[in-house]
Every structure is written in C-alpha cells, then in structure tokens.
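These notes concern the structure reproduced below.
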Protein chains: 2
Amino acid sequence: MKPDSVSIREISKITGVSVATVSRVINNNGRFSKETEARVKKALKEYNYTPNLAARGLRTKRIATVGVVVPDITNEYFARITLHLQERLFARSYSTIICNTDEKADIERRHLDMLLSQQVSGVMYISGTPHAFDRLSHLPAVFIDREPKMEQETGNYSLIESDNYLGGALAARELLQKGCRRLCVFKYRDDISTHNAREAGFRQAAHEAGLRDGDVRVEIVPAVSVEQGYQRTREVWQAGGFDGLFCTADALAVGAAGALRQQGVSIPGQAKLVGYDDTAIARYGAVPLTSVHQSTEEIGRLAADTLLQIIDGKQPEQRHITLPVHLMVRESTGGHTEEA
Amino acid sequence: MKPDSVSIREISKITGVSVATVSRVINNNGRFSKETEARVKKALKEYNYTPNLAARGLRTKRIATVGVVVPDITNEYFARITLHLQERLFARSYSTIICNTDEKADIERRHLDMLLSQQVSGVMYISGTPHAFDRLSHLPAVFIDREPKMEQETGNYSLIESDNYLGGALAARELLQKGCRRLCVFKYRDDISTHNAREAGFRQAAHEAGLRDGDVRVEIVPAVSVEQGYQRTREVWQAGGFDGLFCTADALAVGAAGALRQQGVSIPGQAKLVGYDDTAIARYGAVPLTSVHQSTEEIGRLAADTLLQIIDGKQPEQRHITLPVHLMVRESTGGHTEEA
DNA sequence: CCCTGTTGAGTAAACGATTACTCATCTTGC
DNA sequence: GCAAGATGAGTAATCGTTTACTCAACAGGG
C-alpha cells in the first residue's frame, strides 16, 4: 500500500526501462517486447499506478471528459437522460461533469467557463438555453431537446430531439377522441422550441378536428412544478374551465389533478388530462396519467454516440435526429387502451 | 474572437511583462504595481484568457474538483442532495464530477479510479457502499447516509446522516397511534446501515407499545422501485397481510398503494402506509403518503461545507453529524394532523 | 553617504506524461 | 557476407502554470 500514486518515472526506475517505454506500454502505443511489457505491467499493478490525467491532458490537449449542462437534475426526465448519457460515455471511458444551471444564464455562463478551463472535449446540452452558445463556439456539442438559436453557422454540433410536434398532436387527438371540446394547454414558457412545438402540434390537430382557435386556451407557466399546475388549474377553473387539459410537462398535470380532485371535479369524468414525458409520477400518481412517452434511454445513447463521433472528427450521419414518441393512455383520459 | 484560448505566455508577450507576473496578477498573489495589474487584466479580458486547469492542477497538485459518488441519480432524494451539494461547492468555485454507481461494486471501483486519476481534492459519498473504500484511503471524504465499514481508522472522513432510528420510531408510533396492530416493514437490503437503523427504530417503538417480535413482519427487498413494492405487497397480502406498512423508501410505498388499490383494499381504511424521504411522488401520489422527511438542502449544505473543511486541512467540528427528521402526516395514515 | 528593507518584476525549475527523433541490434534476401 | 528494413528502446522537448530564487531600484534612518 503505497500512500500516494506513483508516477511513470518511478515505474521506469523500478523496471529499469525508460519512461518512454513505460508510456508506450500504458498506452499500448509503439513497439516493445513481450518481456518488457510483462515486466512493466507487473510493476504498474504492483505499485498501483494511477495515470495523472492533468499531465496527460496538458500534453495531449485532449481529455476524456465531457460536460453535461442540464437545467434541473431533480427533474426525472432530465435525470434519466443524464444517467444513460453517462453510462454510455463511461463505457467509452469518458467521464462527465454534470452542471445544473437552474435555467439561469449567468450560472450557465460560469459553468461553461469552467468546462472550457477543464479543456473538456465536448459539451452535451440537455434542453439548454442558447444564451452562452458563443462561448463554446468551436467545441463539439450535442443539443438535446432544444434547438440553439445561433448567429452564424458554426456547424460543429448536432441536435437530437423527439417529435414534439407529433407528441402534441397525439395528445390532442386522444382528448378529442374521448369527447373533449373545451381544450386547454399549460405550456412551459414561450421561448422554448420544445414546448412551442408541442403546443403547435396540439393546435394543428385540434384544427384538423374542426375546432377553432378560440376553442383552445393556452396558459403559459413560468416553471415546471406541481405547484404551478395546481395554481393555474384553480385560476382557469374559476374562469370557465375546460374539459380536456394538455400539459407540456408531467409535473404540471400532477398539480392539475390535485387541484381538480380537491374541487370535487372527477377525472376522467368531468375533465381529462394528458401530460408529457411519462415520468414515474405520471404512471403512479394520484390519477394514473395519460402521457406522451419518449425514450430517455435512446436519447441518451444516441446523444452520447453522436458527441463522440463529432469529437473523433467524423461527421455524424445526421445533424438533426428526430425520435418517435408514443402516447401512454391511462386513467386520466379514461382509457386502458394501452397499445404497449 | 480568437479561435482558441490564449495562454499566459501570450498575455506576457502582449503586455511586455513576464509570465510570472501575469500569473501573480491572475492569482492575486505576490507583488505587482497597480499599473501592471491594470494592463494585465485588460489583456486577460480582451484576449479572453481561460486558465488551463490541467496545467495548473499538474503544478499545484490540487484541483478544485470533487467527486460525487451516488447510487442512483434518478432517485429524487439523491438528486436533491446532489443538487444542493453542487450549488454549495460551485459557490466556492469547486466543480463536481457526478458518478452513478447503480450500486455495483465494479462500476464504483472504476469511477473511483477515474476520480483518483483526475486528482480530485475530495470525494462525497452519497449512500455509498463501503466496497472500494481502501481506494480512497487518504483522500478527504464525506459520507452521506451510510456509514462505511472500515478496516483501520484512517480518519480523514466525516459522516453525515439523518436520524434514521428516530425516523423508524416516528413511523411506528404513527401507525400504532392510528390503531394498527399487524405491522409490516419493507426494508431495502439487509446490509445497509441506513435502512437497518430505520427498521431498528421501528421495532423498538413497536416493542415499547407492547407488541412482540412476531407482530412485526419484515420483508427485505432487493431494489428501491415501485415494482418491488407492488410485487411484495401482493405476496404479503396473500400470506395474511397487514394493517400497517412501513417502507424504508417512498417508491416502495407507492407500489404498495398501487397493489392495494387494485385489490380493492382501502387506504387508510383497511391498511395504512408510511414511506421515507418525503419525495414528490409521496406528496402527490395515488394516495398522499405519510412519510419521514429529511432536509436534503441541509444535508447537502452541511456535507459540502464539511468536505471543504477537511480539504482545507481543518478538522471539522464534528466527525459525525446527525440531523433531525420529522414526520409528514398525510392521507395514507388517515390524518391531516400536519404540524408544519 | 552607507546600510538595510521594501517593492516590483524577471529567470528558470518543476509537475507527469507523450512523442518526434535517434540509434543500436537483429533479420533476411541475394 | 552485406545492404536494407524491422524491431526495441532511450533522449529530450514540450504542454501551461506556479513559485522559489534573484536582483535592481529606491527609500529612509543613522
């Protein structure tokens, strides 16, 4: 048990070969005899050699670390993506630095500066605000969910998202098919492409079913939280209500369900609900929630692979990947018509 | 817009002072005149200088990064602690590398090797298994929730946990007070101090109320998941059932509620439930769940501060901190006796 | 006027690993 | 037997910062 980790130089002394050779053995790079290899490897193990990533990174200018920028890690949907991302990257022996921005531009900026200082080889932007995009200009990047608004075509990035427009449409069709006519949408903010697309898809499907613009009420909420959903539902209910509600995030729908239940409104009898993301709280919540499902595993896997491709200098097959979504139908819209 | 970040040497060239002076200005270390300072700072800003942390870390052998080892980031309780941890550390300009172990010893080991390679200045162990503890032997460490089994008193660590024993006792008292007599406990694994303490506290309180050992059935479950809770509840219900169930994690209780509801068992009428951690799913679940609350914010804050103290070489005030818990009483035990 | 202390700033040696060169030795074909 | 390629391994420069030494210039006390 050596107290601290030994360096390549000490291994060199011990084995009697030069540091260059030790380095070659470690990286399996260049030529060396079988015996040398064996001797060095034995010493490496015996003395519990741990490579100094700072030194390596300094010399090679590339470090097997990527930054993951996420707005809120306690959001189950983001946490799942992050998890799968990390698994995949770790399998490729990359480590990840996860940064929580809380949607604050200044925090994001500081995180980004830190990541640049660390010389990370790429950045993964989960649902990122476009604010600090110029900061990472030339760095390999993959955006998940939200499309960055960019000034110039810097190009070194990819976008992966699921079909939000379709998701919104599916939600609308489900509510319409179950007989709803007075629709309402709770949308998170008005400047996020993801949530805007969900609303647009919803509207379009409502249109196609013959509803007019006035029949769809849209409420913009400033946060994805159960409290917001609860609060808004009470307000809207006072002001006339709805018979079908689509929330662009599950937490809002959970809050809505709570508010409705408390006011004695039956679900799905008097009002039907559809959420988005199909999180655990949707599946096992007060009212099992019909929700639009997107595979966090696939998103994570794809995003990781794409980022690594960009880092390796290969052009990713596609700059923009859109994944399918499907609707999980549950009690909140009255149906056990789950189609797996 | 320079394409890549400039180095200290280039700033030196630009300003006409030596690299040493530039470094001094950057670190506000050593002597330099006001004018020099101004000139250098201007250049730093103008050329968008970003320190190379690899080089700095190599030279100083300390890097402002700590590793956070967590079993499952999608678990809301862990995610919350991680979040608060990160906020606090970030405020002290430390960055964090979050590692998800999935409770697997080998993954944990690899993560730990990586953290050592990164020369992190400390490690935060959220609910960590003790497996790889020898690996970090001399590294500053803080353990949250679970006590590491250690061979020798290496001493360079602290433990922060909440009062699990009391939490278990509170759960028992609530169930007993509401009239339950046939108790059951779903405990996560049998080798985790946290969950063992919760059970022990529960048992002790039951004892004090006059119940005998036979009156408390204990089921050990291999995972904290809704599915496990659901499955076990069906089994136990076949085998005689209970009128009061305590789950050492909320997800289990949510699954139990689902199973009971499906079998037509009324909650809290025929069976009462108590969970642990007071997660969102407990508050807004199918049956609002009575649950033992522990402040993730306080845990995170305290853990971060303690770790930084150890890193700075100060002995933390206390090696072992136990935080209070309290019971949130909700519908699953039939009571709106919430006492804030 | 000299001695001493302070101030501002430069020189150069690390830190640990990688890698372009170089070179001695060994193979092998003719 | 020898030119030429293959093989194994060493030398030393380099990555960007920090920091222990120096040292010149200057101020002030005696």
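To find a chain, count down the sequence lines: A is the first, B the second, and so on, and within it residues start at 1. No experiment lies behind these values; they were computed from the predicted model shown.
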Query raised in the report: Between Ser7(B) and dC15(D), does any side-chain N or O lie under 4.0 Å from OP1 or OP2?
Result: no

Query raised in the report: NA contact type, Val17(A), heavy-atom cut-off 4.0 Å: base, sugar-phosphate, or nothing?
Result: sugar-phosphate

Report task. Answer with base, sugar-phosphate or nothing: what part of the nucleic acid does Ser23(B) contact at a heavy-atom distance below 4.0 Å? Result -> base

Report summary line: Nearest-nucleotide check on DNA chain D, Ala20(A) vs Lys34(A); residue mapping nearer the 5' end is Lys34(A)

Query raised in the report: Salt-bridged, Glu37(A) to Lys34(A), with N to O below 4.0 Å?
Result: yes

Requested in this report: Check whether any side-chain heavy atom of His84(A) sits under 4.5 Å from a side-chain heavy atom of Ile299(A), and report yes or no.
Outcome: no

Report summary line: Whole-Å distance, Tyr49(B) OH to dG16(D) P, equals 10 Å

Report task. Would you jot down, in residue-number order, the residues of residues 51-60 of chain A having a non-hydrogen atom under 4.0 Å from DNA chain D? Result -> Leu58(A), Arg59(A)

**Report entry** side chain to side chain donor-acceptor pair (under 3.5 Å) between Gln118(A) and Ser95(B), worked out
**Finding:** CA-CA 10 Å; Gln118(A) 300 261 10; Ser95(B) 52; 3.2 Å; yes

Report task. Verify side chain to side chain donor-acceptor pair (under 3.5 Å) between Ser127(B) and Arg146(B), making sure each step is shown before the conclusion. Result -> CA-CA 5 Å; Ser127(B) 241; Arg146(B) 287 192 212 167; 3.2 Å; yes

Query raised in the report: In whole angstroms, how far is the P atom of dA20(D) from the CG atom of Asn27(B)?
Result: 13 Å

Query raised in the report: Would you call Val224(B) and Tyr77(B) a side-chain contact if the rule is heavy atoms closer than 4.5 Å?
Result: no

Requested in this report: Look at Glu297(A) together with Arg301(A) and state whether they make a salt bridge at an N to O cut-off of under 4.0 Å.
Outcome: no

Report task. Please report, rounded to the nearest Å, how far the P atom of dG8(D) is from the CG atom of Asn29(A). Result -> 14 Å

Report summary line: Rounded to whole Å, the CZ-C1' distance (Arg62(B) to dT19(D)) equals 15 Å

Query raised in the report: Rounding to a whole Å, what distance do you find between Arg9(A):CZ and dT11(D):P?
Result: 12 Å

Report task. Let me know the distance between CZ of Arg31(A) and C1' of dG5(D), rounded to the nearest Å. Result -> 11 Å

Report task. Measure from CD on Gln118(A) to P on dC15(D) and round the result to the nearest Å. Result -> 21 Å

Query - 5' to 3' contact window, DNA chain C with chain A (heavy-atom distance under 4.0 Å) - result: dG16(C) to dA20(C)

Query raised in the report: Does the side chain of Ser23(A) come within less than 4.5 Å of Ile8(A)'s, by heavy atoms?
Result: yes

Query raised in the report: For the pair made of CD in Gln119(A) and C1' in dC15(D), what is the distance, rounded to whole Å?
Result: 10 Å

Query raised in the report: Do Val66(B) and Val120(B) touch side chain to side chain, with heavy atoms closer than 4.5 Å?
Result: no

Query raised in the report: Of the candidate nucleotides dA9(D), dA20(D), dT17(D), which contains the atom at the shortest distance from the side chain of Phe32(A)?
Result: dA9(D)

Query raised in the report: Do any N or O atoms from the side chain of Thr96(A) and from the backbone of Ile98(A) form a donor-acceptor pair under 3.5 angstrom?
Result: no

